[in-house]
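Structure first, then comments.
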Amino acid sequence: MSKAIRDELKQEVAKRRTFAIISHPDAGKTTLTEKLLLFGGAIHIAGSVKARKAARHATSDWMEIEKQRGISVTSSVMQFQYAGKNVNILDTPGHQDFSEDTYRTLTAADSAVMLIDVAKGVEAQTIKLFQVCRKRGIPIFTFINKLDREGQNPFELLEEIERVLGIRSVPMNWPIGMGRELCGVYDRMKKQVELFQGNDHSTIEVRPAADYNDPAIREMAGEYLADQLAQDLELLDVAGDPFDYEKVRAGELTPVFFGSAVNNFGVQTFLENFLQLAPAPTSRRTTDGEVEPDDEKFSGYIFKIQANMNPAHRDRIAFLRICSGKFERGMSVKHVRAGKDIKLSQPQQFLAQDRDIVDTAYPGDIIGLFDPGIFRIGDSLAQGANLTFDELPTFSPEIFAKVSVKNALKQKQYLKGLDQLTEEGMVQVFRSIGPFEDTYLGVVGQLQFDVFEYRMKNEYGVDIQLARTQFQFARWIVADKLDASKFRINSTLVKDKNDNNVALFENEYAMRTAVERMPDVKFLETAP
């Protein structure tokens, strides 16, 4: 590789920050995303997911059902530039039922921002998502939100983060008051106070302070809050963890920022700190070893497929995370699974549902590829090599329902919708073995059924019937010989979309019994 090309790649990679925002529902994730986009100049007015009846909705929530319910149910990708950095935000669904799509999206991130509600602390969905990030060893930055409301003691929140999540924390700033008494935050690194100005933070008012005992703080906040701040920070200086950049990069220490996204308070400071501390794109694991971002040859993988992003055009978009090399519009790459070369002629970048054709992109960037039906989640695209990225986890569904079409004349549209939404990864489909073929859907959570039913009706014009079953577990079967008659009591044998044998069990006892009766059979939690 010529030095000029390598230098260009290194320079572009160093500019990129690709991160996911994770939280429990209602912690303010979509609001934080919008404020970051505002600072990046990507949007000029923030929507509100709460104002469901208004015409304005959150930019990152583009699907009609999201606008109606006021929640994010599909991962969005948004790009903007700020302070010389190219920022890619992956806004993941917070709802617990959408963990599968969320988990896949997290594989495309180089770091994560964990959003915590100051009143509620660490919640169930945050724990699940944190564990996925922790397994991948990616840096995690924490934003404790809604400081303008009454909440838990900051020390209790830090203790909860360590106890529940098992990660040490280092507060980068510290609240001066909370709720109605909120005056501002003290920046421990820069030794300054950022003032809270209600809902107007179009310009940040900052006052320098020699330290946290500076008389200017006492004058601004009053005796009680100034004393409280001094006591808290003395304790942190003695007993708290010091800032350690290497531990942050290794995912062992989380920098903590306090603020209020809805008021724009602390968001810009957080963004500027985050862009300095968060890592640029790093190497990625493949079946042939690590691929470095500044490798000359282009490579990337599909982590998400979304059908009907533009209902008028009935399009399918495959989301590609670029891992190495320079992407150029119209380039030919190898579709590794299919074993053939394809031309990437209409690549797009995103601001939620708004898309622009992109001519060049670099490692860390997320681009959308028009999908005529050739891509699957997990597919690798590469120049001159059979690279397969070892990034995407698969999950065993926990809720199952029989699905059928209400109007037999709509069978063709029904099969098309079932096929496309299955490939998108929204549901897993199984077919029974025998003369009467039943179709089962498997999901991680109930909301996936609701969205599946909604999208079948609105995007494919098909009314479906879903009948919940008693099955709770799916196990993929690997065996030289298989006796289907052994799966008749509290279980059934089905085939997945790739024709693998799968056993569905009603309870743990039925599953354990089957495992004991068939010692020569392998029961796998995910597809082989």
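In this chain, numbering begins with 1 at the start of the sequence shown.
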Requested in this report: Verify side-chain contact (heavy atoms from CB on, under 4.5 Å) between Asn490 and Tyr509, making sure each step is shown before the conclusion.
Outcome: CA-CA 9 Å; Asn490 298 332; Tyr509 174 75; 5.6 Å; no

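- Residues Ser299 and Phe389 approach most closely at OG-CZ, 3.4 Å, considering heavy atoms.
- The distance from atom CZ of Phe400 to atom CG of Leu466, rounded to the nearest 0.5 Å, is 14.0 Å.
- Side chain of Ser396 to backbone of Ala474: a donor-acceptor contact under 3.5 angstrom is found.
- Side chain of Thr126 to main chain of Val122: no donor-acceptor pair is present (N/O by atom type, distance under 3.5 Å, no hydrogens or angles).
- Note: His335 and Phe375 have parallel aromatic rings, judged against thresholds of 30 and 60 degrees for the angle between ring planes.
- Considering OG1 of Thr254 and CG of Leu158, their distance stands at 10.0 Å, rounded to 0.5 Å.
- Defined by atom type and a distance below 3.5 Å, a donor-acceptor pair is present between the side-chain atoms of Asn501 and Lys495.
- Side chain of Asp419 to main chain of Lys416: no donor-acceptor pair is present (N/O by atom type, distance under 3.5 Å, no hydrogens or angles).
- With hydrogens and angles disregarded, no donor-acceptor distance shorter than 3.5 Å links the side chain of Thr31 to the backbone of Ala261.
- Here the CG-CG distance, from Asp480 to Asp520, works out to 8.0 Å after rounding to the nearest 0.5 Å.
- Taking 4.5 Å as the limit, every side-chain heavy atom of Phe19 sits out of range of all side-chain heavy atoms of Ile138.
- Residues Glu453 and Phe449 have side chains not in contact (no heavy-atom distance under 4.5 Å, counting atoms from C-beta outward).
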Query raised in the report: Could you go step by step and tell me if Gln472 and Glu398 meet the side-chain contact (heavy atoms from CB on, under 4.5 Å) rule?
Result: CA-CA 5 Å; Gln472 297 181 52; Glu398 298 163 16; over 6 Å; no

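- The shortest non-hydrogen separation linking Phe243 to Pro255 is CE1-CG, 4.5 Å.
- With Thr18 contributing its side chain and Asn88 its backbone, the two residues share no donor-acceptor pair below 3.5 Å.
- At least one side-chain heavy atom of Leu344 sits under 4.5 Å from a side-chain heavy atom of Ile342.
- Shown here is Lys247, whose NZ atom has no more than 12 heavy atoms of other residues, nucleotides or ligands within 6.0 Å.
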Report task. Test ring-ring contact (aromatic ring centres under 6.0 Å, His included) on Phe257 and Phe274 and set out the steps. Result -> CA-CA 10 Å; Phe257 299 83; Phe274 171 79; 8.8 Å; no

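- By the salt bridge (Lys or Arg N to Asp or Glu O under 4.0 Å) test, Arg163 is found to be paired with Glu159, residues two or more places apart in sequence or in another chain being considered.
- Ring planes of Phe523 and Phe487: tilted class, angle from 30 to 60°.
- A distance of 13.5 Å separates OG1 of Thr492 from CD of Gln470, quoted to the nearest 0.5 Å.
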**Report entry** Chi angles and distances behind the side-chain contact (heavy atoms from CB on, under 4.5 Å) call for Asn145, Leu32
**Finding:** CA-CA 9 Å; Asn145 193 26; Leu32 177 64; 5.9 Å; no

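- Put simply, CG on Leu320 and OG on Ser380 are 9.5 Å apart, with the number rounded to the nearest 0.5 Å.
- Between the side chains of Ser485 and Asp483, at least one donor N or O lies within less than 3.5 Å of an accepting N or O.
- Nearest heavy atoms, Pro242 versus Val170: C-CG2, 4.2 Å.
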Please list, one pair per line, the donor and acceptor atoms closer than 3.5 Å that link side chains of residues 149-156 to other protein atoms, with sequence neighbours excluded.
residue : atom : partner : partner atom : Å
Glu150  : OE2  : Arg180  : N            : 3.4
Gln152  : NE2  : Ala119  : O            : 3.2
Asn153  : OD1  : Phe155  : N            : 2.7

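- In this structure the side chain of Leu441 reaches within 4.5 angstrom of the side chain of Val429, judged on heavy atoms.
- Remark: the backbone N or O of Val262 is paired with a side-chain donor or acceptor of Lys35 at under 3.5 angstrom.
- A side-chain donor-acceptor contact under 3.5 Å links Asn407 to the backbone of Leu409.
- Looking at Arg321, its side chain does come within 3.5 Å of a backbone N or O of Ala108 through a donor-acceptor pair.
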Query - Residue pair Tyr245, Leu253: steps toward the side-chain contact (heavy atoms from CB on, under 4.5 Å) verdict - result: CA-CA 9 Å; Tyr245 187 60; Leu253 181 71; over 6 Å; no

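- Heavy atoms only, all atoms of each residue included: Val118 and Lys146 are closest at CG1-O, 3.1 Å.
- For the salt bridge (charged side-chain N to carboxylate O under 4.0 Å, His left out) criterion with Asp110, the lone passing option out of Arg284, Arg136, Arg249 is Arg284.
- Using a 4.5 Å heavy-atom cutoff, the side chains of Phe303 and Ile366 are in contact.
- Taking the side chain as every heavy atom from C-beta outward, Ile21 and Leu36 approach each other to under 4.5 Å.
- Among residues at least two apart or in separate chains, salt bridge (charged side-chain N to carboxylate O under 4.0 Å, His left out) pairs with a member in residues 400-411 are Lys402-Asp438.
- Annotation: side chain of Pro171 is in contact with side chain of Leu236 (closest heavy-atom distance under 4.5 Å).
- Scanning both residues, Asp463 and Lys457, for their nearest heavy atoms gives OD1-NZ, 3.1 Å.
- The backbone N or O of Ile399 sits nowhere less than 3.5 Å from a side-chain atom of Gln446 that would complete a donor-acceptor pair.
- Considering only heavy atoms from C-beta on, Lys334 comes within 4.5 Å of Asn386 through its side chain.
- Here the CZ-CZ distance, from Phe505 to Phe473, works out to 10.0 Å after rounding to the nearest 0.5 Å.
- For the residue pair Leu165 and Arg134, the shortest heavy atom distance occurs at O-NH1, 3.4 Å.
- In this structure, Asp295 contributes its side chain and Phe298 its backbone to no donor-acceptor pair below 3.5 Å.
- Remark: Glu508 CD is loosely packed, at most 12 non-hydrogen atoms of other residues, nucleotides or ligands lying under 6.0 Å away.
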